[in-house]
Amino acid sequence: MHRRARVGLLAGLLLLTACGTQSAAVTTGNKPALTQLTPRPLGPTPFTTVHPDPTPAPPKPTCPASGASITVGTVDAALGHRAVVVKLTNCRSTPITVDGYPDIAVLDADRRAMNLTMTRGTSYMAIDPGPKKLLLRKGETAVAAISWSSTVEAGEDKASGTYLAVAQGKGEHAVVWPVDTDLGTTAKVTLTAWCRTLPT
């Protein structure tokens with residue numbers, strides 16, 4: 001039996017002894033009789049059940065009018081750095097053109113855009129191939145990397161996002177995807193351009 005269980009059991013026994021019984025003296029004439037003990041029923045110990053917040057679910061796959069269906073992968077981590085790969089798939093029958101960089105925003109738990117620094121280029125986690133026009137036929141894909149650092153500097157506030165809003169480009173329809181972005185105190189995100197395969 002663990003020590004905590006033993007202590008809890010001992011405490012329960014003391015409670016039963018100290019306040020779980022009630023004594024009443026019974027007298028017969030002028031002679032006191034033996035003390036009669038009346039047991040006091042003990043109810044169940046109340047406790048509080050903690051329900052964790054549910055994890056946000058990814059959106060259901062759809063094919064927007066642009067034909068650019070976007071999904072977001074899992075977070076990859078290395079030495080305080082993070083990255084996710086976003087994939088764009090042509091979901092319509094005619095070819096689409098993809099060029100430049102994705103347009104993204106980091107959102108908090110209330111889906112409000114956070115004030116961050118967005119940069120384009122190579123990061124610790126991904127090499128930027130540079131912008132290049134891609135022609136995607138039905139079912140073909142393009143990918144890009146979104147990376148950040150979880151570095152924390154003393155005396156500064158940490159930033160953490162709950163969602164990523166990702167669009168093919170500026171002004172395009174964005175998909176909101178649950179991604180835990182622990183941005184540390186840097187509040188900086190780096191993007192790579194759309195490409196068929198990320199350079200290694």
Side-chain angles (χ1 to χ4, degrees), residues 52-78 80-150 158-184 186-200:
D53 294 334
T55 302
K60 294 181 179 179
T62 60
C63 186
S66 65
S69 176
I70 294 175
T71 57
V72 181
T74 57
V75 177
D76 188 21
H81 300 272
R82 312 279 189 265
V84 293
V85 175
V86 296
K87 182 170 71 173
L88 183 155
T89 304
N90 179 8
C91 58
R92 69 183 188 187
S93 57
T94 56
I96 63 173
T97 300
V98 178
D99 190 11
Y101 293 79
D103 184 62
I104 77 151
V106 179
L107 312 180
D108 62 16
D110 296 321
R111 301 200 176 201
R112 295 175 298 193
M114 300 175 63
N115 185 21
L116 306 173
T117 300
M118 300 287 179
T119 62
R120 297 174 175 180
T122 296
S123 68
Y124 182 90
M125 297 294 288
I127 298 172
D128 182 20
K132 182 180 179 181
K133 186 173 291 187
L134 306 173
L135 183 67
L136 302 181
R137 295 179 175 85
K138 181 180 180 180
E140 291 185 333
T141 62
V143 293
I146 304 171
S147 58
W148 64 92
S149 172
S150 62
K158 293 192 295 183
S160 182
T162 306
Y163 301 91
L164 283 179
V166 185
Q168 176 184 343
K170 198 73 173 177
E172 300 285 348
H173 172 73
V175 174
V176 177
W177 205 275
V179 177
D180 182 18
T181 50
D182 51 338
L183 297 162
T186 62
K188 178 183 176 182
V189 175
T190 304
L191 311 176
T192 66
W194 291 113
C195 59
R196 293 188 182 273
T197 305
L198 288 171
T200 56

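These numbers come from a predicted model, not from an experiment.
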What heavy-atom pair brings V72 and W177 nearest, and what distance separates the two atoms? O-NE1, 3.3 Å

Without swapping roles, check the side chain of E140 against the backbone of R137 for a donor-acceptor pair under 3.5 Å. yes

In Å, rounded to the nearest 0.5 Å, how long is the span from CG of D108 to OG1 of T181? 10.0 Å

Quick one about S123 and T190 (side-chain donor to acceptor, distance below 3.5 Å, no hydrogens or angles considered), yes or no? no

Looking at W148 and T186, would you say the former's side chain and the latter's main chain have a donor-acceptor pair under 3.5 Å? no

Heavy-atom distance under 4.5 Å between the side chains of S66 and E172, does that happen here? yes

As an exercise, state the distance from NZ of K188 to CG of L116, rounded to the nearest 0.5 Å. 12.0 Å

Heavy-atom check, side chain of Q168 versus side chain of L88, under 4.5 Å: yes

Shortest non-hydrogen contact between Y163 and P178, atoms and distance: CD2-CA, 3.7 Å

Atom pair CE (M114) and OG1 (T162), whose distance is rounded to the nearest 0.5 Å: 8.0 Å

Nearest 0.5 Å, please: how far is CD1 in I70 from CG in L164? 11.5 Å

Looking at CG of D103 and NZ of K170, how far apart are the two atoms once the value is rounded to the nearest 0.5 Å? 4.5 Å

Pair D182 + R82: basic N to acidic O under 4.0 Å: yes

D128 side chain to L191 backbone, donor-acceptor under 3.5 Å: no

I'd like to know if the side chain of D110 and the backbone of R112 have a donor-acceptor N/O pair within less than 3.5 Å. no

Approximate separation, where rounding is to 0.5 Å, of S149 OG and Y124 OH: 10.5 Å

Closest heavy-atom contact between A142 and L134? CB-CD1, 3.9 Å

Answer yes or no: is there a donor N or O on one side and an acceptor on the other, between the side chain of T192 and the main chain of A145, under 3.5 Å? yes

Judged by atom type as modelled, is there a donor-acceptor pair below 3.5 Å linking the side chain of S150 to the main-chain atoms of G80? yes

I need the minimum non-hydrogen distance between Y101 and P131, along with the two atoms involved. OH-CD, 3.6 Å

Looking only at heavy atoms, the pair that brings C63 and R92 closest together is SG-N, 4.1 Å

Before giving the answer on side-chain contact (heavy atoms from CB on, under 4.5 Å), spell out for V143 and C195 the whole-Å C-alpha distance, their side-chain angles and the decisive distance to 0.1 Å. CA-CA 5 Å; V143 293; C195 59; 4.2 Å; yes

Heavy-atom pair of closest approach, residues G67 and I96: O-CD1, 3.9 Å

Trace of the side-chain contact (heavy atoms from CB on, under 4.5 Å) decision for I146 with V86: CA-CA 8 Å; I146 304 171; V86 296; 3.7 Å; yes

